[in-house]
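Protein chains get the first letters and strands the later ones, always in sequence-line order, with residue 1 at the start of each. Below, each value reflects all heavy atoms present in this structure, side chains not excepted, and no hydrogens, waters or symmetry copies.
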Amino acid sequence: MTDVSTVVAAGAINASKIYGKDDSEVRALDDVTVNFVLGQFTAIMGPSGSGKSTLMHCLAGLDALTSGRVLIGDTDLAQLDDKQLTSLRREKIGFIFQAYNLIPTLSALENITLPMDLGGVKPDQEWLDTVIDKMNLRNRLSHRPSELSGGQQQRVAVARALASRPQIIFADEPTGNLDSKTGAEILAFMKHAVTDLHQTIVMVTHDPVAAAYADRVIFLADGKVVDEIENPTSELVLDRMKRLGS
Amino acid sequence: MTSPVVRLTLRGVLARKFRILLTILAVVSGVAFVSGAFILTDSVKGAINNLFVELRGDVDLEVRSTIAFGDAARAERDPVPISMMKDIAALDGVRLVEANLLRQATIIKPDGEPLKTSGPAFGISWNGPDGLDGRTLLEGVIPTKAGEVAIDKASAKRAGYVLGDTVVIVGPIGKGEFTLVGLTGTGSTSGGGGASVCAFDPITANEFLGADNKADSIYIGVTPSAASSAVQKAIEKVLPSGYEVITGEQSAKETAGAINEIIDVFGKVLLGFAAISLFVSAFLIFNTFAIIVSQRLRELALLRAVGASTRQIHQMIIGEGLVVGIVATGLGLLGGLGVAKGITALFNAAGAAFPAADLMISSRTILLSVVIGIGVTLAAAIVPAIRAGRIPPVAAMRPELGFSALQRSKRLVVGIVTLFSGITLFSVGLFVQPGGTVGTLGGSAIGAVLLFLGVASLSTTVAAPASRAISRILPFPLRPMTNSVPGRLASRNAQRTPRRTASTASALMVGLALVSMVSVVAASVKKSFTDQLKASVTADFFVTNLSFQGLPVAFGERLAELPELGSVSPFRATRALINGEEKQIGAVKPEMGDLVDIDIQKGSIDSLVDGNILLHTDPARDLNVGIGDTVDVTWQNGTTSTLTVGAIYADSTVAGNWLIGLDTLAEVSSAPPVDFFIGAKIADGVSIEDARTAVDKVAADFPSAEVQDQAEFQKSQEDQLNQLLAIVYGLLIFAIFIAVLGIANTMALSVFERTHEFGLLRAVGMSRRHLKRSVRWEAIIVSVFGATLGIVVGIPLGIAVSIALPDSFVTATVIPLSTIVTILIASIVVGIFAAIFPARRAAKLDVLDAIATH
Ligand SMILES: Nc1ncnc2c1ncn2[C@@H]1O[C@H](COP(=O)(O)OP(=O)(O)OP(=O)(O)O)[C@@H](O)[C@H]1O
Ligand SMILES: [Mg+2]
C-alpha cells in the first residue's frame, strides 16, 4: 500500500469520546477507526446525534478524545501541547463551519490571510490569486462580512481554508445554511479544489446531493462507522440512508 | 498594521467604540482626579513659594532667638530687643537694619463690622518700599507718624476705604483710629495672599501692636559691595547667646516649607480619594472587558480555531486595554486641569484661601498619570484576557462550551480567602497599629481593598437570590415588581448573569460602603462630643477665634474683671521637651477647675500655680511619678525648669495630657502670648441674658473673637464637622459617579447583547414602554443590590473605626439610620438615572432589524 494515491492525510484509530459521567454518560464516538486519504474528498453522513461533528472536532484537534488516537499526517495529536496544536491548526488544517466563519471586523481578504498572518507567514501571492479567482472573490476583497451575502461569506471561508494549503480541510455542513443553488456553487468549488488543486477535504453533510460531490461517503450511527460508499451518487446515498435509518 | 494582533486589536476597539466609551470616561475621571491633585498641589506650592520669595524682598540676613528643639518655622520664639539693632547697624557692610514685627490687627469696615478675610489679619511695622521687606507702595504715601496707616490695596477696596478715610483698627491691646495714607501690594500683587495687612511706621507699630520695644526678628540688608557671608560672621560675633543670624533664603524656605507640608498633606488626602475613584473605575473596566469577551466568544473561538495562539488572544484583549488606557490617560490629564480648578473653587467656597496660581503640569504628574491610568486599565483587563484565552476553539461551533470555560473559576475559595485576609489586615492596621500612622493607614487601606474585592467576588453567589428578593420587596407599598411582565423580565435578567450583576453592583458598593462608614464615624464623633460637653464641660461661655490666630490676651483679662462672670480662664499652649519627647503643654488658671471637669484622681486643681504641673494618668504612669515628685522640662527657648506634680487627672478631652499655670508659662517664655480659647462661668445670681450682654459688650472691642454659649458652641463644632463631612462626601461623589457610569454601561452592553431577544419580545407584542420599564427595573435591582452591599460592609467598618479611635475623641458608637435610608432611596434614583440611555436604546430597536441580527 505505498501507492501515492493512498497516502493517509489524517486518521482516527480506536477513537472514543464520552461526554458526561455515569448515568448521563453519552458515548458520542465508540471505537471509531477511519482514514482519510490524501487528495480525496470524503463526506461523513449519519443521523442527527450520531457523532459526526464530534469526530470532526477531534480529528481537527479542536477537542480531545477520551481514548484512542488521532493522526494528522504522522503526528499524533495526543502528544501535542496547546501551543503545538495551535500551530498545527494554523499550518496543517483548514476549517469551514456552517456559519459564523468570519471575523466581522476584518475585510474578506484579511479573513482569507488570517491564519498565515497569525503565524507570521507571508502568503504565497500566486496561490492566493489562484484561490481568490477560483472562488470568484476578486471584486469583494475589501468588503466586511456584513456586506457579503451568505454564499459569498462561505466562499471567503473556503478561500481561507485553501489559502494556507493545509494538509486537510474539515467542513461541518458548509452548505447547511445556503439555498441549493448557492450550495451547489460552493460544493463545486470544493470539488474543484480537490481535483485541480489536490486538496484533501472531509465534509459533514445531511444532504445526499452534497455527498455525491465526494469521492467517498462514510456513514456514522450511534458513534460507530456503519457503512462506506466509494464514488457515490445521490441515489446511492439516499438508498443507503434509508436502509440505515430503518 | 502588519501584525494581525495589532490589526484585530485596533479594529476591535473601533468596532466597539461606543461600548468602550463609558469605560474610557471612567478611567478619564480617575486619572483626572489623580493628575488634578498633583496639579493643584504643585501650583499652590509654586504660588506660595513665590509669595514668600517676594515677601522676603531685600532681606539678606535675619537675627532671631534660638530654639532648643522642634520645627524652626512653627516654633514660638522669644522676641528680640530692638536695642540690639544699634550694634548691628554699626558693623561694616550693613546697609539697613529693620525690626520685623507682625501681630494681629483687624480692620473695622465703615459699617462697624470687622473685615472678614480668608487668611489672617495682620498689623506690621513698615519702613516703606525702600526698606527691606517685599511690600510695595501702590498709591499714596508711606505712613510716617502716629495716626497713619497703609493698608493692602485689595483689603482696602473690599472694606470700602479710600485714601484719606479714617479707619478703625483693632490691635492686640486695643482699638485705634488711623488715617489711610497709602495702599500697598506684595511683590507683583495688590493683596496679601488672602490676609489683610495694616502697615504702620516702626514707632507707631511698636506702640499700637504692644511690642514693648521687642521685635519678632531683625532684618538686615547688606551693602552691595560687602559679602553677605562675611557680614553674617561679623554679626554672629556681636550677638549675645540665645540669638542666631540666618540668611534671608533660609528664612523664606523655612516658612514656605511649613506651609508646603500642610499642602502636601492636603494633596495626599486628595490622592487617597483619587485612588478610591480609580479602584471603582477598575471594576467598570473589568466588567466591560468581561462582557465584551463573552459577547465575542464565537469570534475569539474562531480565531483560536484558525490558528491564533492563547498568547495572541491575551495580547489582543490586553492590547484593547492599552488603547483604552492611552486614550483615557491623555484625556484624563486634560481633565486634571479642570479638576484642579474645580477643587480650588470648591475649597475656596468652603473658606480655604488658595492663592491664585497658574496651573502647573510637572513631568512627574504626567509620568504618574500615565503609569496609573494605563496600569489600572491593564490590571483590570488581565482577568478577562486570561478568561478569553481559555475559550476553546470548539466554541466557534458550540458556544455553550465556551461559556462554561469563561465561568470556570475558584471564585468561592478565592473570595473567602481574600475577604478574610482583608478583614485581618484591616483590623491589624486599625487596632494593633504597627508602624505608627503609616502602618495604620496603609494596613487598613490595603485591608479594605482586599475586603471589597472579597465581597465583590462572593457577591456573585448571592446576586441571584438577592435580585429575586429585591424584586419582590422593592415597590413595597405598591404591587410587587414581579407581578408585571417587565418586572419579572428585569428580575430574571438580573439573575441570569449573576457575575455581571454582582460586579456592577460591587462598584457602587465601594463608594457607598465608604459613605456608610464615614457616616457612622461622624455620627459617633458628634454623639461623643455632645456627651463629653454635657458631662465634663461646665463653662457657660466659650470664646474662640475662628481664623486660628488666637485671641488677644487683653480680652480674657477684661472678661475676668466683669462682675457678671464667675470663673474665667483662658487656655494657652506651648511646647516643651519632657523625657526627650516634644509635648504640647496647656497653660490655664486654677479657675479652669470650675469650667471643665478633668476628673482629678489625686491632688487638687488649686495646685495649678507656682511651678507645679498637672498630669493625665497615662503620662504619670509612663514617667512613674506621683504627687510631689518632680518632672524636668525644657522649654522651646532653651530655659529648663523642674516642675512639681500637683495633681493627676483622668479626663484629657479638653485639657490634654499636661497642664501648667499661666504664671509658670509667663516665667519661662517671653513669646507674645495668645489665648486659644477662653471659658467663662456666669456669676451666682446673674441671669444668662445679663451675662451675655456684658460679655458681648467687651467682645465688641475684639472683632476676631467669637462668643458662644454651650448650645452655640456645640452647634458650631457640629457645623465644622458637617462641613468636613460635606467635603468628604463631595470627594466620594466621584467614585459613586463612576459606579453609576458602570451601571449604565453594563445595562447598555446587556441591551446590545439582547438585541435579538428584545426584537422577539417586541414581535410578540411587548410595548416600547414595557421594554423601557424592564431595563429600568433591572438597573434599579442592580443599584439597590450595590447599596445594600455597601451598607452591610460599610457599617461594620464604621463601627470598627469608631472603636479604634482614641477615647478622648470617640466614646460612643452611633448608627445613623437616616443616612442609611437616604442611601437606599438614593440608590433607586441612581438606578433610574443609569437606565435612561440604555432604556431609550432598547426602546428604539427596530423589530425587524433586531430579529435579523445574530
Ligand atoms: N458537550 C457535550 N456534552 C454532552 N454531550 C454532548 C456534547 N457534545 C455532543 N454531545 C452528544 O454527543 C452526541 C454526538 O453529538 P454530535 O454533535 O457529534 O452529533 P452530530 O452527528 O454532529 O449531530 P447533528 O447532525 O445534529 O449535528 C450527541 O448525542 C450529543 O448530544
Ligand atoms: Mg453536527
S.K.: With B:Thr23, which of B:Thr288, B:Thr377, B:Asn287 fulfils side chain to side chain donor-acceptor pair (under 3.5 Å)?
M.R.: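 Only match with B:Thr23 under side chain to side chain donor-acceptor pair (under 3.5 Å): B:Thr288.
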S.K.: Less than 3.5 Å apart, any donor N or O on the side chain of B:Thr310 or A:Asp82 sitting next to an acceptor on the other?
M.R.: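 There is such a pair between these side chains.
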S.K.: Please indicate whether B:Arg492 has more than 12 foreign heavy atoms, meaning atoms of other residues, nucleotides or ligands, lying under 6.0 Å from its CZ.
M.R.: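 It does not: B:Arg492 CZ has 12 such atoms or fewer within range.
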S.K.: Sort B:Gln312 into side chain, backbone, both or neither according to what part of it lies under 4.5 angstrom from a heavy atom of chain A.
M.R.: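 Side chain of B:Gln312 only, per the 4.5 Å heavy-atom cut-off to chain A.
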S.K.: Heavy-atom distance under 4.5 Å to chain A: side chain of B:Arg304, backbone, both or neither?
M.R.: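 Both parts, heavy atoms under 4.5 Å.
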S.K.: What are the two closest non-hydrogen atoms of B:Gly742 and B:Leu284, and how far apart are they?
M.R.: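 For B:Gly742 versus B:Leu284, the nearest heavy atoms are CA-CG, 3.5 Å.
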S.K.: Specify which of A:Pro104, A:Pro166, A:Gly119 makes the most heavy-atom pairs with chain B at under 4.5 Å.
M.R.: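 Max contact count across the listed options: A:Pro104.
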S.K.: With a 4.5 angstrom heavy-atom cut-off, which part of B:Leu300 approaches chain A: side chain, backbone, both or neither?
M.R.: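 Interface part for B:Leu300: neither.
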S.K.: Side chain, backbone, both or neither: which part of A:Leu114 has a non-hydrogen atom closer than 4.5 Å to chain B?
M.R.: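 Only the side chain of A:Leu114 comes within 4.5 Å of chain B.
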S.K.: Where does A:Leu102 contact chain B at under 4.5 Å (heavy atoms): side chain, backbone, both or neither?
M.R.: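 Answer is backbone: N, CA, C or O of A:Leu102 sit under 4.5 Å from chain B.
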S.K.: Are there more than 12 heavy atoms of other residues, nucleotides or ligands under 6.0 Å from atom CG of A:Asp222?
M.R.: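 Open: at most 12 neighbouring heavy atoms sit under 6.0 Å from CG of A:Asp222.
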